[in-house]
Amino acid sequence: MPFKDLREFIDKLEKEGEAQSIEEEVDWNLEAGAMLRRATEQNFPAPFFQKIKDYPNGYRLFGGSLANYRRISIAMDKSPDTSQQELMEEYLKRKKRTLKPVLVHEAPCKENIDRGDEVDLLKLPVPFLHEGDGGRYLGTFHLTISKDLDSDWVNWGMYRSMLHDKNSVSMWATPGSHLDGMYKRSYEPQGIPMEVAIVLGTEPISALCTAIPIAYGVSEVDVAGGIRGEPVELVKCETIDLEVPATAEIVIEGEMRPHERKDEGPFGDFTGYVTHGRKSVPVVHVKAITYRNDPIFTMSCMGIPVDDDTAIHSVTKGAEYLEALRASGLPVTGVCVLAEASELITVVAVKPPFSNVAEVIADIVWGTRAGRHLPYIIVVNDDVDPFDRSQVWHALATKCHPDRGIVKRKRGVLMPLLPSATSYERRHGLGARTYFDCTWPLDCDPKELPKRVSFKEIYPEEIQRKALAKWKKYGY
Ligand SMILES: Cc1cc2nc3c(=O)[nH]c(=O)nc-3n(C[C@H](O)[C@H](O)[C@H](O)COP(=O)(O)O)c2cc1C
C-alpha cells in the first residue's frame with residue numbers, strides 16, 4: 001500500500017531505523033543543517049526535529065527523507081534491502097503505467113489558510129543550511145508546480161528557492177529545465193505572470209517523481225500515480241489555478257512575474273561544492289500559504305555525496321539511460337550511475353556487437369534528457385559488473401588505452417554546477433565531455449588479447465575444484 005502522507009512514511013522510516021525523532025531544541029540557523037549534513041555523510045537516520053528555536057511547539061523540520069536506497073526502497077513499498085539495480089528495474093516497470101490524479105474537495109493541507117497580509121514565510125522554520133549560503137533556503141526538498149500556457153501539461157520539479165522576505169523567494173532552475181522553459185519561453189515573452197505552487201512535505205513518491213528527468217509534456221503527477229499504484233489526490237489552490245497534493249504539509253501559492261529578477265545563491269549543492277556566487281533569477285511572490293496543523297517542513301542539506309539528490313538520481317537517471325539503451329537494441333547488460341561521484345559518472349556494460357560501440361552508447365546516453373549534463377561515461381565489457389566499483393576501476397585502469405580509449409568532445413552542454421568548469425563555460429553553458437572506452441577492440445585477433453589472471457579464468461576446472469574443496473575443508 002502506498003503511503004497516504006509524509007507522516008505515515010516517517011512512522012515507517014522510524015520503525016526501520018531510517019529516521020529518528022529528536023526532542024532537543026535545534027537552531028534553524030546552521031545547526032539543523034549541520035546535524036542533517038552529518039547524518040547524510042555518516043548514513044545516520046534521517047533527523048526529525050521536534051522543537052525549533054524561535055518557533056512554536058508543533059512546527060517541525062524533517063531532512064534526508066530519500067537520502068539512501070533503503071529509504072527509496074521503503075518509499076516504493078519494497079524491502080529496505082532492495083539494491084540500486086533492482087530499484088531501477090522497478091521504477092522502469094512501474095513508470096510504464098501512468099495514473100491520472102483524482103481531485104478531492106477537503107484536504108489536510110487546508111487546515112490553516114493565510115492569505116494576503118497574513119502571509120509570512122518567516123512563520124515557517126526555514127533553515128539556514130550551510131555557512132556561506134546566500135540566505136535561508138525554503139525549497140531544498142519540495143515540489144514546484146506550474147502549468148504550461150498552451151496545454152494542460154502540469155510540471156512538477158524541484159528547484160531550489162531562497163527566502164527574501166515574508167512574501168517572496170527567488171528560484172534557481174537549470175537552464176533548459178521545464179520550469180525555466182515555461183517561464184522564459186512562454187509566460188515572460190507574453191508578459192503574463194506564471195502561477196507557481198511550492199509544496200513541502202508530500203508523501204514520498206510525489207517527492208521522488210518531482211525530481212525525475214521526464215520528457216517534455218509528461219506530467220510527473222501521472223507518473224507518481226503509476227509508481228505508487230494509486231492516483232495522487234489533489235486539491236485546488238486558494239488563490240491560483242493550480243492543484244496540489246491534498247495531504248501535503250505546507251503549500252505556498254504565488255506567481256512569477258515577467259521580467260523580474262532577484263539575487264540567489266551561493267549555495268552548497270549536490271556536487272559537494274559551492275560552484276557559483278550570486279545569480280539573478282526569477283522571483284515568486286506569495287499570495288497564500290496553506291498548511292496542516294503542526295506542519296512538517298522538509299529539507300535536504302546537499303554536499304559531498306551521497307544525499308537525496310544523488311541517491312534519487314542514481315536510480316532514476318540510471319533507469320532512463322538503461323531504457324534508452326535498451327530501446328536502441330544494443331546488448332547492454334547494465335548501467336550504473338555512480339552516486340558517490342555526484343552522479344557525474346555513468347558506467348555502461350555491453351557485449352560489443354560491433355567496433356566502437358562505446359561511441360554509439362555515449363551518443364545515446366548524452367542524447368537523453370537526463371544525459372545532456374553528464375560529463376563522463378565509462379563503457380566496459382559485459383564481464384564487468386558496473387555496480388561493482390573495484391571491477392570498474394580495474395577495467396578502466398587496464399583496458400582503457402590512455403590515448404585512443406579516451407574520447408573527448410570539446411563542445412558539449414555544461415552541467416551548470418560542474419565544479420571544474422571555467423567561468424567562461426559557466427557563462428555560456430558550454431562544457432566538454434568524455435567517454436572512456438574500456439572494451440577490448442574488436443579489430444584484433446582475440447588470441448592476442450591479454451589473458452585475465454583470476455582464479456576462475458586462469459586455472460583448469462579440475463584444479464579449481466580441488467582448491468575449492470581444500471579451502472572448504474579449512475573452514476572457508
Ligand atoms: C534535492 C534535490 C534538489 C534539486 N535542486 C535543483 C535545483 O535547484 N534546480 C534544478 O534545476 N534542479 C534541481 N534538482 C533536479 C530537478 O528536480 C530534476 O532535474 C528535475 O528533473 C527537473 O525537472 P524538469 O526536468 O521537469 O525541469 C534537484 C533535485 C533534487 C532531488
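As the structure is a computational prediction, the values presented were derived from the model and not from experiment. Order of listing sets the numbers, starting from 1, for every ligand and every atom in it. Values below: every heavy atom of this structure, side chains too, minus hydrogens, waters and symmetry copies. Residue numbers start at 1 and run along the sequence shown.
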Is it the side chain (CB and beyond), the backbone, both or neither of F270 that lies under 4.0 Å from ligand 1, heavy atoms counted?
neither
With no hydrogens and no angle check, just 3.5 Å: does a side-chain donor-acceptor pair link [X] and [Y]?
X: D114; Y: Y291; answer: yes
X: T239; Y: E253; answer: yes
X: E249; Y: T298; answer: no

Any N or O on [X] sitting closer than 3.5 Å to an N or O of ligand 1?
X: T140; result: no
X: M302; result: no
X: N155; result: yes
X: D269; result: no
X: H313; result: no

To which protein heavy atom is [atom] closest, and what is the distance rounded to 0.1 Å?
atom: atom 18 (C) of ligand 1; result: A211 O, 3.7 Å
atom: atom 10 (C) of ligand 1; result: T174 OG1, 3.2 Å
atom: atom 23 (O) of ligand 1; result: Y159 OH, 3.4 Å
atom: atom 9 (N) of ligand 1; result: W172 O, 3.1 Å

Going by the atom numbers of ligand 1, which of them fall below 4.0 Å from some non-hydrogen atom of [X]?
X: D309; answer: 2 (C), 3 (C), 4 (C), 28 (C), 29 (C), 30 (C), 31 (C)
X: P213; answer: 21 (O)
X: H178; answer: 24 (P), 25 (O), 26 (O), 27 (O)
X: R160; answer: 7 (C), 8 (O)
X: E220; answer: 26 (O)
X: S177; answer: 27 (O)
X: A173; answer: 11 (O)

Tell me which one of H142, R369, M158 gets a heavy atom nearest to atom 5 (N) of ligand 1.
M158
From I214, T316, V281, I212 - option closest to atom 21 (O) of ligand 1 by heavy atom:
I212
In plain terms, say whether [X] and [Y] are close enough for a salt bridge, that is, a side-chain N and a carboxylate O under 4.0 Å apart.
X: K93; Y: E90; result: yes
X: R70; Y: D81; result: yes
X: E203; Y: R228; result: yes
X: K4; Y: E230; result: no
X: K95; Y: E320; result: yes

Any salt bridge (Lys or Arg N to Asp or Glu O under 4.0 Å) pairs touching residues 185-197, not counting sequence neighbours?
E188-R261
With sequence neighbours left out, what residues match Y55 under side-chain hydrogen bond (donor to acceptor under 3.5 Å, both in side chains)?
R136
Pair R160-S300, side-chain contact (heavy atoms from CB on, under 4.5 Å): steps then yes or no:
CA-CA 10 Å; R160 72 190 197 206; S300 64; over 6 Å; no
Using ring centroids (six-membered ring only for Trp), state whether F49 and W28 fall under 6.0 Å.
no
